[in-house]
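Working notes for the structure below.
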Amino acid sequence: MIDDRSFQRLAAIAAIVSLPLAAGNLIAMLATVHFNLNGMTDPLVLLHAGEGAAPLWRWSMILDIFGYYLPIVPLILLVRSSLLDRSPNWIDLFALCLLAYCFIGAVGGAELATALPTLIREYATASPSHRMSLEAVFTGYTDGIYRGLWNLLEEFLAGIGWLGLGLVMRAGRRRLGTATIVLGAACLVDSFGTAINVDAVSSIGLIVYLVLAPVWAFWIGVGLLKGTERHPHLERPVVAVNS
């Protein structure tokens with residue numbers, strides 16, 4: 001049935017499933033560059049990984065879309081509705097920032113899933129002179145998505161959204177609220193480090209975000225399922241989020 005209980009269950013299951021998908025994304029990304037951590041900041045490591053890296057990279061980006069972005073859309077809407085009576089305008093702003101993060105991130109992942117494998121395969125068979133131009137195109141394209149759409153823009157919006165929701169959630173659930181604040185702060189560190197072009201700063205925030213974001217979704221998802229079981233006629237998800 002299309003009702004609040006079924007939506008809550010959908011949000012919970014999607015959030016829980018996002019954790020293994022996000023873990024798969026990280027493993028696939030590292031495997032694509034043969035677990036060379038320099039690939040986090042140097043896009044040419046991926047380009048030089050060889051033609052065999054193309055399909056694995058494509059699947060890593062598909063896992064990225066369904067591990068970090070789209071599955072938490074129902075969860076964000078549910079958290080918004082549970083907190084809306086606290087401060088409607090602020091909650092709407094924070095939720096809008098997180099929804100924008102989801103859609104910007106998914107668009108970037110879809111772009112990288114389709115464009116980069118083509119460039120990787122072409123580079124593997126290109127002449128030395130042609131490889132120089134491909135490296136310039138590859139670097140420009142990845143910088144536009146990674147440093148532009150993802151690290152600078154989406155991480156800033158996500159940071160505002162998670163930081164704001166965390167401050168509100170702390171009143172009802174201190175540990176979850178604190179973890180949400182840490183997640184938001186990590187996103188802002190990543191965005192700030194990218195803005196000033198200091199990878200050492202942005203990488204700290206990025207690593208915390210990559211680990212904590214799926215854990216945050218999983219944490220709330222499990223709570224929502226337990227809340228549904230404890231309250232078979234639950235009308236509002238506020239009990240599951242704040243209890």
Can you tell me how far the CG atom of L75 sits from the CD1 atom of I13, to the nearest 0.5 Å?
12.5 Å
Taking the six-membered ring for Trp and the single ring otherwise, decide whether the centroids of H48 and Y123 are under 6.0 Å apart.
yes
Atom CG of L212 and atom CH2 of W162: how far apart are they, to the nearest 0.5 Å?
8.5 Å
Nearest 0.5 angstrom please: T142 OG1 to L44 CG, how far?
7.5 Å
F7 versus P74: any side-chain heavy-atom pair under 4.5 Å?
yes
Hydrogens and angles aside, do E155 and Y101 bring a side-chain donor and acceptor to less than 3.5 Å of each other?
no
Mark yes when over 12 heavy atoms from residues, nucleotides or ligands other than W59 sit less than 6.0 Å from its CH2; otherwise mark no.
no
Identify the two heavy atoms, one from L224 and one from A12, that lie closest to each other, and give their separation to 0.1 Å.
CB-CB, 3.7 Å
Can you confirm whether L98 sits close enough to I160 that some side-chain heavy atom of one is under 4.5 Å from a side-chain heavy atom of the other?
no
Test L165 against I181 for side-chain contact (heavy atoms from CB on, under 4.5 Å), laying out the working first.
CA-CA 8 Å; L165 289 182; I181 292 172; over 6 Å; no
Do L134 and L119 have side chains that get closer than 4.5 Å, going by heavy atoms?
yes
Would you kindly confirm whether L56 and L63 end up in one hydrophobic cluster when ILVMFWY residues are joined by side chain heavy atoms under 4.5 Å apart?
no
Worked verdict on M61 versus E111 for side-chain contact (heavy atoms from CB on, under 4.5 Å):
CA-CA 9 Å; M61 289 296 98; E111 290 282 345; over 6 Å; no
Side-chain (S81) to main-chain (L78) donor-acceptor, under 3.5 angstrom:
yes
Give a yes or no on this: more than 12 heavy atoms of other residues, nucleotides or ligands lie within 6.0 Å of atom CZ of F192.
no
Looking at every non-hydrogen atom in both residues, tell me the closest pair between L21 and G67 and how far apart they are.
CB-CA, 3.8 Å
Quick one: does W216's side chain get under 4.5 Å of Y209's, heavy atoms only?
no
Are L152 and Y146 close enough, and set up right, to give a side-chain contact (heavy atoms from CB on, under 4.5 Å), and what steps lead you there?
CA-CA 8 Å; L152 183 60; Y146 271 105; over 6 Å; no
Which word best sums up how the rings of Y69 and W150 line up, parallel for under 30°, tilted for 30 to 60°, or perpendicular for over 60°?
tilted
Do L116 and L47 have side chains that approach each other closer than 4.5 Å (heavy atoms only, starting at C-beta)?
no
Backbone N/O of L112 and side chain of W57: donor-acceptor pair under 3.5 Å
yes
Treating S202 as the side-chain partner and D199 as the backbone partner, does any N or O pair qualify as donor plus acceptor under 3.5 Å?
yes
Verify, without hydrogens or angle tests, whether S191 (side chain) and L188 (backbone) share a donor-acceptor contact under 3.5 angstrom.
no
For the pair V208 and L183, evaluate side-chain contact (heavy atoms from CB on, under 4.5 Å) and give the outcome as yes or no after the intermediate values.
CA-CA 7 Å; V208 174; L183 176 56; 5.8 Å; no
Transitive ILVMFWY side-chain link M29 to L37, under 4.5 Å:
no
What closest approach, in Å, do S18 and A217 show between heavy atoms, and which atom pair accounts for it?
OG-CB, 3.8 Å
To the nearest 0.5 Å, tell me how far L225 CG sits from I16 CD1.
4.0 Å
Same apolar cluster: L99 and L93, side chain cutoff 4.5 Å:
yes
Within the structure provided, determine whether L176 and W219 are in side-chain contact (heavy-atom separation under 4.5 Å).
yes
With side chains defined as the heavy atoms from C-beta onward, is the minimum distance between L84 and R80 less than 4.5 Å?
yes
Pairwise side-chain contact, L96 with D92, heavy-atom cut-off 4.5 Å (strictly under):
no
Joint hydrophobic cluster, L210 plus L30, side-chain heavy atoms closer than 4.5 Å:
no
Mind checking the CG-CD1 spacing from L70 to I65? Nearest 0.5 Å is all I need.
7.0 Å
Can you tell me how far the CG atom of L10 sits from the CZ atom of R5, to the nearest 0.5 Å?
14.0 Å
Closer than 3.5 angstrom, by distance alone: can the side chain of R121 be matched with the main-chain N or O of A54 as a donor-acceptor pair?
no
Minimum-distance pair of heavy atoms, taken over all atoms of C102 and V73:
CB-CG2, 3.9 Å
Counting distance only, does the side-chain N/O of R131 pair as donor-acceptor with the main-chain N or O of A124 below 3.5 Å?
yes
Do D190 and R147 meet the salt-bridge criterion of a basic N to acidic O distance under 4.0 Å?
no
Can you see which heavy atom on M169 is nearest to which on G177, and at what distance?
CB-CA, 4.1 Å
Taking every heavy atom of V201 against every heavy atom of V189, the minimum-distance pair comes out as O-CG1, 3.5 Å
Check whether I145 and V107 end up in the same hydrophobic cluster, where Ile, Leu, Val, Met, Phe, Trp and Tyr are linked by side-chain heavy atoms less than 4.5 Å apart.
no
